[in-house]
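Heads up, the thing below is written out as structure tokens.
Computed from a predicted structure; not experimentally measured. Chain identifiers are assigned alphabetically (A, B, ...) following the order of the sequence lines, protein sequences preceding nucleic acid strands; residue numbering begins at 1 within each chain.
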Amino acid sequence: MTISWTKESYFEQVWSFVRQVPEGKVVTYGQIAQTLPDPPVPDTGEMVSAARLVGSAMAASPADVPWHRVINAQGRVSNRADAAKQLELLEAEGLCFVHGRIDLPEHLWHDTNQIAPPKQHQLF
DNA sequence: CGCTTGACCGGAA
DNA sequence: ATTCCGGCCAAGC
């Protein structure tokens, strides 16, 4: 059986992914959710909900995980209490913030041999 | 065991 | 640009 994919399992995967994120790079919750090899949900729809699980995982992420490199699909930091702090950390890593926003595809990091770059074109 | 909240996403008003 | 709504799942109370 298998199973399981308990929260521990999923969280581990999320943390593992985030830990691989190099400096100056960022990943979105949805990106992680879609990249994970064994998502909790089969595929009823999209990774929309899975992204939320990623957020939960981040909430419990240990100090080994650069949670500050994880941002939302909007190219901005999440609505967390230390959002400003996260911004500092990110810009300190060489990220170019524009209006509190960054070029997602520009700094988006993707794991090699997993998925292809989203190549999402921004629409102002 | 049930309701509320959440570090989300995407689309529509 | 902002605000609201629906969706999906898990953790917390």
Side-chain angles (χ1 to χ4, degrees):
Chain A
M1 44 143 326
T2 109
I3 326 196
S4 312
W5 65 268
T6 60
K7 97 179 183 189
E8 237 177 46
S9 188
Y10 196 74
F11 281 27
E12 287 284 318
Q13 292 173 86
V14 176
W15 297 332
S16 186
F17 188 90
V18 178
R19 268 185 275 236
Q20 290 170 78
V21 180
E23 206 174 282
K25 292 288 178 183
V26 291
V27 283
T28 67
Y29 298 97
Q31 182 74 34
I32 298 173
Q34 194 171 46
T35 305
L36 284 187
D38 185 76
V41 287
D43 77 54
T44 59
E46 317 263 334
M47 43 45 168
V48 255
S49 19
R52 193 171 281 192
L53 304 191
V54 177
S56 296
M58 299 265 82
S61 64
D64 326 23
V65 179
W67 56 273
H68 59 270
R69 283 181 200 147
V70 184
I71 62 179
N72 54 22
Q74 300 172 30
R76 307 186 71 174
V77 299
S78 302
N79 224 21
R80 128 194 203 302
D82 280 331
K85 180 77 175 212
Q86 184 169 4
L87 265 169
E88 283 184 54
L89 293 168
L90 288 175
E91 68 179 6
E93 299 198 346
L95 282 148
C96 44
F97 270 80
V98 180
H99 267 338
R101 222 144 112 200
I102 65 173
D103 287 297
L104 216 30
E106 185 76 42
H107 290 281
L108 238 187
W109 174 85
H110 72 97
D111 184 10
T112 53
N113 192 24
Q114 277 289 2
I115 57 168
K119 190 182 290 191
Q120 179 177 1
H121 93 67
Q122 69 263 44
L123 42 100
F124 286 78

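The nearest whole Å value for the distance from the CZ atom in Arg76(A) to the C1' atom in dT2(C) is 12 Å. Between the OH atom of Tyr29(A) and the P atom of dG10(B) there is a distance of 14 Å, rounded to whole Å. Residue Leu87(A) contributes atom CG, which lies 13 Å from atom C1' of dA7(B) at whole-angstrom precision. In this structure, CZ of Phe11(A) is placed 11 Å from C1' of dC9(C), rounded to the nearest angstrom. Between Gln31(A) atom CD and dA7(B) atom C1' there is a gap of 17 Å when expressed in whole angstrom units. As a whole-Å value, the separation of Met58(A) CE from dA11(C) C1' is 16 Å. The CD-C1' distance, from Gln34(A) to dC8(C), rounds to 15 Å in whole Å.
Among residues two or more places apart in sequence or in another chain, the side chain to side chain contact (heavy atoms under 4.5 Å, CB included) test is passed with Leu87(A) by Val77(A), Phe97(A). Shown here are the side chain to side chain contact (heavy atoms under 4.5 Å, CB included) partners of His68(A), two or more places apart in sequence or in another chain: Pro66(A), Gln86(A), Leu89(A), Leu90(A), Glu93(A). Residues passing the side chain to side chain contact (heavy atoms under 4.5 Å, CB included) test with Asn79(A): none are found, sequence neighbours excluded. By the side chain to side chain contact (heavy atoms under 4.5 Å, CB included) test, Ala59(A) is found to be paired with no residue, residues two or more places apart in sequence or in another chain being considered.
dC1(B) and dC8(C) have their P atoms separated by 23 Å, with the value rounded to a whole Å.
Listed nucleotides dA1(C), dG10(B), dA7(B) differ in distance to Arg101(A); the shortest reach to its side chain belongs to dA1(C).
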Can you give me every donor-acceptor pair (side chain of residues 18-28 of chain A, partner residue at least two apart or in another chain, under 3.5 Å) with its distance?
| from | atom 1 | to | atom 2 | distance (Å) |
| --- | --- | --- | --- | --- |
| Gln20(A) | NE2 | Ser16(A) | O | 3.0 |
| Thr28(A) | OG1 | Gln31(A) | N | 3.0 |

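Distance CZ/Phe11(A) to CG/Leu53(A): 7.5 Å, rounded to 0.5 Å.
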All N/O contacts under 3.5 Å from nucleotides 2-6 of chain B to the protein, with atom names and distances to one decimal?
| from | atom 1 | to | atom 2 | distance (Å) |
| --- | --- | --- | --- | --- |
| dG6(B) | O6 | Arg52(A) | NH1 | 2.6 |
| dG6(B) | N1 | Arg52(A) | NH1 | 2.9 |

